[in-house]
Amino acid sequence: MPPTSTTTAAARRQISSRRRTSAPRRRSPPPSPPPKRMKLLTEILQKAAYAVVEREDYGDVSCEQCRSGERSEELLLCDKCDKGYHMKCLRPIVVRVPIGSWICNKCSGDGQRRVRRLSQRKIIDFFRIQKCKKDDVKMKCRSLQDSRKRRRRSLVYQKKRRRLLPFIPSADPTQRLKQMGTLASALTALHMEFSDDLTYLPGMAPQSANQAKFEQGGMQVLSKEDIETLEQCRAMCKRGECPPLLVVFDSCEGYTVEADDQIKDLTIIAEYSGDVDYIKNREHDDCDSMMTLLLARDPSKSLVICPDKRGNIARFINGINNHTP
């Protein structure tokens, strides 16, 4: 029996549907990777490690400052430019051969650093400045009046004995913020925290090791008037009334301090602060700003202040080499 037109059309639709479903689909091409950003050659050279080239003969090396090749035992060779410098010709003078690698001032790149400006809120938070109340202002005025009266009464005794003087902060609050901002920037650049007190950490000297009775030959004691002056300076610092000093950066000296106003002789500027440790633990330390705190009869119990993690402006005005390669 021949197929009808209806069955033939149904069969064609079924065959065509099979062909459509079984036909291979074209795959879309994979997405092309994003173009890589090529780094500049200067960026690569800045992060690349220095290659130290060994030289057999250094007899022709001369100092870049005095142009003399004499005293070869005092010549320091830069590990980057391979140029020589006498230890006494450098500024500041290098008193001993550095431990490890040494880079001259021109290659260290410190000249590119500058003291950053910080906002008023950041400065207040950095130094944990306490806000003054009205009662505190009244007490401050009274204390100033009392100090003037005592100063008049002690005019006769000033010729016999010189007393310590409190620093006079700048009258302009904007200028004081600028001064504190330079200190905060310098401490931040050296990865230090601000501290006006001595700190005792585990693994270092305990607080019990710092006693006046351990000092060889006895400890010098401040007079009552000088103690009052010291307490007055501490109170001013807590209120944000800092001494008139600016911390500036120099490519040779590192961070140094400049006076921002007139400062009289025998004026208290700051107490030296930082972590306390035994001298025996710091005999081979390359830190350039340690200061003796206590010289005991037993040398193993002598103490030093190490402002490498915590410190104040005394870290930069101690007269020691503050330059960090």
Side-chain angles (χ1 to χ4, degrees), residues 115 118 122-130 164-167 169 176 179-212 214-215 219-222 226-248 254-260 263 266-279 281-282 285-296 301-324:
V115 178
L118 300 179
K122 288 184 178 180
I123 293 173
I124 293 176
D125 294 341
F126 187 88
F127 294 102
R128 299 183 292 274
I129 296 174
Q130 301 174 358
L164 299 179
L165 302 176
F167 63 84
R176 294 201 300 266
Q179 296 161 1
M180 290 186 292
T182 59
L183 173 59
S185 299
L187 293 175
T188 304
L190 297 182
H191 308 287
M192 293 178 59
E193 297 179 5
F194 172 75
S195 176
D196 254 340
D197 302 309
L198 299 177
T199 51
Y200 303 86
L201 299 177
M204 300 174 67
Q207 190 169 2
S208 58
N210 183 14
Q211 297 186 32
F214 296 150
E215 175 75 15
M219 185 73 71
Q220 182 181 1
V221 181
L222 293 177
D226 292 342
I227 293 177
E228 292 178 355
T229 303
L230 183 60
E231 293 298 332
Q232 181 181 349
C233 293
R234 289 176 178 173
M236 285 192 294
C237 290
K238 290 181 180 179
R239 295 194 300 263
E241 300 172 2
C242 60
L245 301 172
L246 288 172
V247 182
V248 297
Y255 288 104
T256 58
V257 173
E258 294 180 354
D260 200 30
I263 301 177
L266 291 177
T267 297
I268 295 180
I269 298 298
E271 296 179 83
Y272 206 81
S273 65
D275 300 330
V276 181
D277 200 0
Y278 290 107
I279 289 182
N281 297 339
R282 300 281 180 156
D285 198 318
D286 203 23
C287 179
D288 53 11
S289 295
M290 292 188 297
M291 182 165 285
T292 305
L293 175 64
L294 187 145
L295 288 176
K301 295 182 180 179
S302 298
L303 303 177
V304 289
I305 305 174
C306 312
D308 46 3
K309 297 296 182 183
R310 297 169 183 81
N312 55 12
I313 198 169
R315 163 69 171 80
F316 306 106
I317 61 176
N318 54 11
I320 304 177
N321 174 17
N322 286 304
H323 180 73
T324 303

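This one's a predicted model, so the numbers in the text were calculated from it and none came from an experiment.
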Nearest 0.5 Å, please: how far is [atom2] in [Y] from [atom1] in [X]?
{"X": "I269", "Y": "F167", "atom1": "CD1", "atom2": "CZ", "answer": "7.5 Å"}
{"X": "Q211", "Y": "L303", "atom1": "CD", "atom2": "CG", "answer": "10.5 Å"}
{"X": "T229", "Y": "L222", "atom1": "OG1", "atom2": "CG", "answer": "9.5 Å"}
{"X": "C306", "Y": "M290", "atom1": "SG", "atom2": "CE", "answer": "5.5 Å"}
{"X": "C242", "Y": "M180", "atom1": "SG", "atom2": "CE", "answer": "5.0 Å"}
{"X": "T182", "Y": "F316", "atom1": "OG1", "atom2": "CZ", "answer": "9.5 Å"}

Hits for salt bridge (Lys or Arg N to Asp or Glu O under 4.0 Å) against R310, two or more places apart or cross-chain, chain-then-number order -> E193, D275
Heavy-atom closest pair, residues [X] and [Y]:
{"X": "F214", "Y": "S208", "value": "CE1-O, 3.7 Å"}
{"X": "G240", "Y": "R176", "value": "O-NE, 3.9 Å"}
{"X": "Y278", "Y": "A205", "value": "CE1-CA, 3.7 Å"}
{"X": "P307", "Y": "S273", "value": "CB-O, 3.6 Å"}
{"X": "L198", "Y": "V276", "value": "CB-CG2, 4.0 Å"}

Quick one: does [X]'s side chain get under 4.5 Å of [Y]'s, heavy atoms only?
{"X": "L245", "Y": "I263", "result": "yes"}
{"X": "D196", "Y": "C237", "result": "yes"}
{"X": "D277", "Y": "Y200", "result": "no"}
{"X": "L165", "Y": "I268", "result": "no"}
{"X": "E271", "Y": "R234", "result": "yes"}
{"X": "R315", "Y": "M291", "result": "no"}

Return the set of residues passing side-chain hydrogen bond (donor to acceptor under 3.5 Å, both in side chains) with E258 (not counting sequence neighbours), or none when no residue passes.
-> none
side-chain hydrogen bond (donor to acceptor under 3.5 Å, both in side chains) partners for E215, two or more places apart = none
Please lay out, stage by stage, how S195 and N312 fare under the test side-chain contact (heavy atoms from CB on, under 4.5 Å).
-> CA-CA 6 Å; S195 176; N312 55 12; over 6 Å; no
For the side-chain contact (heavy atoms from CB on, under 4.5 Å) test, which of I313, T292, I305 pairs with Y272?
-> I305
Donor-acceptor contact below 3.5 Å, side chain S302 vs main chain I279 = no
